[in-house]
Amino acid sequence: MAYEGWLVKIGDWEVPFDYMRYESYNVTPAREVIDEFKDYDGDRHVVYAYTQQVTVSFDTPEEVMLDDEDIAIIHAALDAARQTGYGNNVNAYSVKFYDPRSGGYVTTKDFTLSDIKYTVCGADESHVYYKPITFEFVEVTPIEL
């Protein structure tokens with residue numbers, strides 16, 4: 001599936017580009033380098049462990065301050081995407097994302113969300129404004145008990 005005009009969906013909600021700082025979008029592979037070496041011919045060899053979970057992260061932009069209404073929209077999307085009782089994780093989320101390595105979307109994984117830190121940078125009579133927020137989704141590994 002080729003690029004369809006969005007990078008991340010939380011449940012069915014496409015995260016608007018206004019809520020993302022493009023250069024912060026990051027997808028880590030589901031592998032970890034265990035060993036890396038060059039042989040006598042100068043060829044590079046790498047040994048991978050495929051036990052690491054995929055991580056999808058992004059920051060909100062600095063030039064667009066999110067306010068309390070934006071935060072409410074994000075929380076509604078997170079609540080709608082929450083899947084309670086997934087394995088041992090009581091707060092797993094349905095998240096779909098664009099993977100630059102494949103040039104397509106990953107739609108079959110569930111994620112936990114690292115704690116979101118809210119820092120107020122201003123307020124007026126009608127709104128509270130926040131500094132940029134980091135979203136980090138880490139793949140859930142199902143555990144059979």
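The basis for the numbers below is simple: all heavy atoms, side chains too, and nothing from hydrogens, waters or symmetry mates. Numbers here simply count residues along the sequence, with the first being 1. If you're wondering where the values come from, they're calculated on a predicted model, not measured in any experiment.
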Those residues at least two apart in sequence (or on a different chain) that pass side-chain contact (heavy atoms from CB on, under 4.5 Å) with D115 are none
Side-chain contact, heavy-atom cut-off 4.5 Å: V120 with Y130? yes
Report yes if the distance between the aromatic ring centroids of F58 and F135 is under 6.0 Å, otherwise no. yes
Decide yes or no for V56 and K109: does some side-chain heavy atom of the first lie under 4.5 Å from some side-chain heavy atom of the second? no
Look at the rings of Y105 and Y98 and say which category their plane angle falls in: under 30° parallel, 30 to 60° tilted, over 60° perpendicular. perpendicular
Nearest 0.5 Å please: distance from the CD1 atom of I133 over to the OG1 atom of T119. 8.5 Å
Nearest 0.5 Å, what's the CD1-CZ distance between I10 and F137? 4.0 Å
Can you name the residues that form a side-chain contact (heavy atoms from CB on, under 4.5 Å) with D12, not counting sequence neighbours? K96
Drop me the distance from K131's NZ to D59's CG, to the nearest 0.5 angstrom. 13.5 Å
Determine, stepwise, if the pair L113 / F111 fulfils side chain to side chain contact (heavy atoms under 4.5 Å, CB included). CA-CA 6 Å; L113 175 63; F111 293 82; over 6 Å; no
Qualifying residues under side-chain hydrogen bond (donor to acceptor under 3.5 Å, both in side chains), relative to Y118, sequence neighbours excluded: H75
From N26 CG over to F97 CZ, what is the distance, rounded to the nearest 0.5 angstrom? 11.0 Å
Rounded to the nearest 0.5 Å, what's the gap from CD1 on I73 to CG on D68? Could you check? 10.5 Å
By ring-ring contact (aromatic ring centres under 6.0 Å, His included), H127 pairs with (sequence neighbours left out) none
Run through the side-chain heavy atoms of Ile, Leu, Val, Met, Phe, Trp and Tyr, join any pair under 4.5 Å, and report what else lands in M65's cluster. Y129
Minimum side-chain heavy-atom gap V54-V106 below 4.5 Å: no
Enter the distance from L7:CG to D99:CG here, rounded to the nearest 0.5 Å. 11.5 Å
Evaluate the side-chain proximity of K117 to T134: yes if any heavy-atom separation is below 4.5 Å, no if none is. no
Of all residues at least two apart in sequence or in a different chain, which pass the side-chain contact (heavy atoms from CB on, under 4.5 Å) check with Y40? none
